[in-house]
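Reckoned from all heavy atoms, side chains included, excluding hydrogens, waters and symmetry mates.
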Amino acid sequence: MITVRPAAVADVESLVRLRVTNAEAHLALDPETYRVPARDAVLRHFTAMLADGSQRNAVLVAELAGHVVGMVEVLRNPDPPDHQILRPELSAAQIHTVVAEDARDRGAGAALIDAAVTWAADHGITYLSAGIHHRNAGAVRFYGRHGFADYGRLMGRQVTGRVQRAS
């Protein structure tokens with residue numbers, strides 16, 4: 001049976017393992033976009049997050065038979081500055097979900113999403129987003145099954161040099 005709970009300092013090694021393994025899988029999707037972060041940087045990140053008692057963000061873990069098999073981070077977006085047009089009342093956060101390969105299709109991901117949504121609602125967050133690479137069809141299907149859908153459009157452009165316009 002899958003259980004979900006807030007992450008604790010004792011979970012840091014499992015969180016690091018999940019993050020690095022997830023990074024390696026993403027590197028295979030698009031090496032121009034993704035990298036495998038240094039283990040020490042990931043360790044510092046999760047140690048700091050779990051030491052922060054502000055409840056601004058969350059890290060939740062899924063356990064199966066006493067072992068951490070997944071995690072979800074809920075990272076609150078900063079309020080827009082007062083000079084921008086976005087309304088500050090739209091309290092939004094990004095979520096990042098990782099489930100170990102050998103624990104997939106056993107309910108861990110669904111349990112993590114449900115727990116993240118509950119945590120967000122309890123902390124005044126009204127909108128969750130999940131940044132998914134377009135080639136990650138499994139993640140697109142997973143988040144779609146859990147109520148995530150296209151919302152707006154994020155557009156980007158590579159900057160390779162100065163633009164030269166003819167006069």
Side-chain angles (χ1 to χ4, degrees), residues 1-8 11-39 41-43 45-46 49-50 55-78 80 86-87 90-158:
M1 172 166 193
I2 300 290
T3 58
V4 176
R5 62 172 174 76
D11 299 316
V12 168
E13 286 300 323
S14 295
L15 296 170
V16 170
R17 176 183 42 79
L18 286 165
R19 172 65 46 86
V20 170
T21 301
N22 189 49
E24 290 166 349
H26 279 76
L27 187 65
L29 279 174
D30 187 351
E32 297 293 318
T33 300
Y34 297 105
R35 65 187 170 111
V36 177
R39 186 184 182 292
V42 178
L43 182 74
H45 166 73
F46 283 118
M49 281 206 54
L50 297 177
Q55 298 265 322
R56 178 167 173 73
N57 302 303
V59 181
L60 308 170
V61 295
E63 285 185 320
L64 179 62
H67 298 285
V68 172
V69 297
M71 58 151 289
V72 63
E73 279 183 285
V74 182
L75 302 172
R76 193 182 302 260
N77 295 349
L86 292 174
R87 298 177 64 84
L90 179 64
S91 181
Q94 296 178 23
I95 65 168
H96 305 280
T97 310
V98 181
V99 175
E101 187 75 34
D102 60 352
R104 293 191 180 158
D105 299 321
R106 297 170 86 177
L112 286 165
I113 293 292
D114 291 349
V117 168
T118 298
W119 187 92
D122 289 348
H123 290 84
I125 295 170
T126 58
Y127 179 79
L128 291 175
S129 65
I132 305 166
H133 192 281
H134 65 280
R135 291 185 194 138
N136 194 344
V140 171
R141 281 190 306 275
F142 169 76
Y143 281 105
R145 282 194 310 269
H146 296 284
F148 288 75
D150 290 340
Y151 185 85
R153 181 174 295 228
L154 178 63
M155 297 176 71
R157 173 185 168 169
Q158 288 284 345

Enquirer: Atom OG1 of Thr3 and atom CD of Glu63: how far apart are they, to the nearest 0.5 Å?
Expert: 4.5 Å
Enquirer: Using residues 144-152 as the side-chain source, report each donor-acceptor pair under 3.5 Å to any protein atom, sequence neighbours left out, with the distance given to one decimal.
Expert:
none

Enquirer: Which heavy-atom pair separates Val68 from Arg17 by the least distance, and what is that distance?
Expert: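 Nearest pair, atom of Val68 first, then Arg17: O-NH2, 3.3 Å.
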Enquirer: Considering non-hydrogen atoms only, spot the tightest contact between Pro37 and Arg35 and give its length.
Expert: CD-O, 3.5 Å
Enquirer: Can you tell me which residue among Val4, Val99, Thr97 is in a side chain to side chain contact (heavy atoms under 4.5 Å, CB included) with Val72?
Expert: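 Going through the options one by one, the only one that passes is Thr97.
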Enquirer: For the CG atom on Asp122, are there more than 12 heavy atoms of other groups (residues, nucleotides or ligands in this structure) within a distance under 6.0 Å?
Expert: yes
Enquirer: Closer than 3.5 angstrom, by distance alone: can the side chain of Arg76 be matched with the main-chain N or O of Ser91 as a donor-acceptor pair?
Expert: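 Judged by distance alone, no pair lies under 3.5 Å.
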Enquirer: Any non-hydrogen side-chain atom of Gln55 less than 4.5 Å from a side-chain atom of Trp119?
Expert: yes
Enquirer: Side chains of Asn57 and Glu73: does their closest heavy-atom pair fall under 4.5 Å?
Expert: no
Enquirer: In chain order, what residues pass the side chain to side chain contact (heavy atoms under 4.5 Å, CB included) check against Arg135, with sequence neighbours excluded?
Expert: Leu29, Asp30, His133
Enquirer: Which heavy atom of Val98 sits nearest a heavy atom of Leu18, and at what distance?
Expert: CG1-O, 3.7 Å
Enquirer: Can you name the ring pair (Phe, Tyr, Trp, His ring centres under 6.0 Å) partners of His96, sequence neighbours left out?
Expert: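 His96: no ring pair (Phe, Tyr, Trp, His ring centres under 6.0 Å) contacts found.
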Enquirer: Roughly how far, to the nearest 0.5 Å, is CD1 of Ile95 from OH of Tyr143?
Expert: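 Here the rounded value is 4.5 Å.
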Enquirer: May I ask you to check whether over 12 heavy atoms, not counting those of Arg141, lie within 6.0 Å of atom CZ?
Expert: no
Enquirer: For a quick test of reading the model, state the closest non-hydrogen atom pair linking Leu15 to Leu50 and the distance between them.
Expert: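 In terms of heavy atoms, the two residues are closest at CD1-CD1, 4.1 Å.
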Enquirer: Assess whether side chain to side chain contact (heavy atoms under 4.5 Å, CB included) is satisfied between Val12 and Met49, documenting all intermediate values.
Expert: CA-CA 10 Å; Val12 168; Met49 281 206 54; over 6 Å; no
Enquirer: Where is the tightest heavy-atom contact between Ala116 and Leu60, given as atom of each residue plus distance?
Expert: N-CD1, 3.9 Å
Enquirer: Are Leu112 and Met71 side-chain neighbours, meaning at least one heavy-atom pair lies under 4.5 Å?
Expert: no
Enquirer: Using modelled atom types only, decide if a donor and an acceptor are shared between the side chain of His26 and the backbone of Asn22 within a distance under 3.5 Å.
Expert: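 Yes; judged by distance alone, with no hydrogens or angles, the pair exists.
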Enquirer: Might you work through the side chain to side chain contact (heavy atoms under 4.5 Å, CB included) test for Leu128 and Ile113, ending with a clear yes or no?
Expert: CA-CA 10 Å; Leu128 291 175; Ile113 293 292; over 6 Å; no
Enquirer: For residues Val61 and Pro6, report the shortest heavy-atom separation together with the two atoms involved.
Expert: CG2-O, 4.5 Å
Enquirer: Please check: side-chain N/O of Asp11 versus main-chain N/O of Ala8, any donor-acceptor pairing under 3.5 Å?
Expert: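 Yes; at least one donor-acceptor contact below 3.5 Å.
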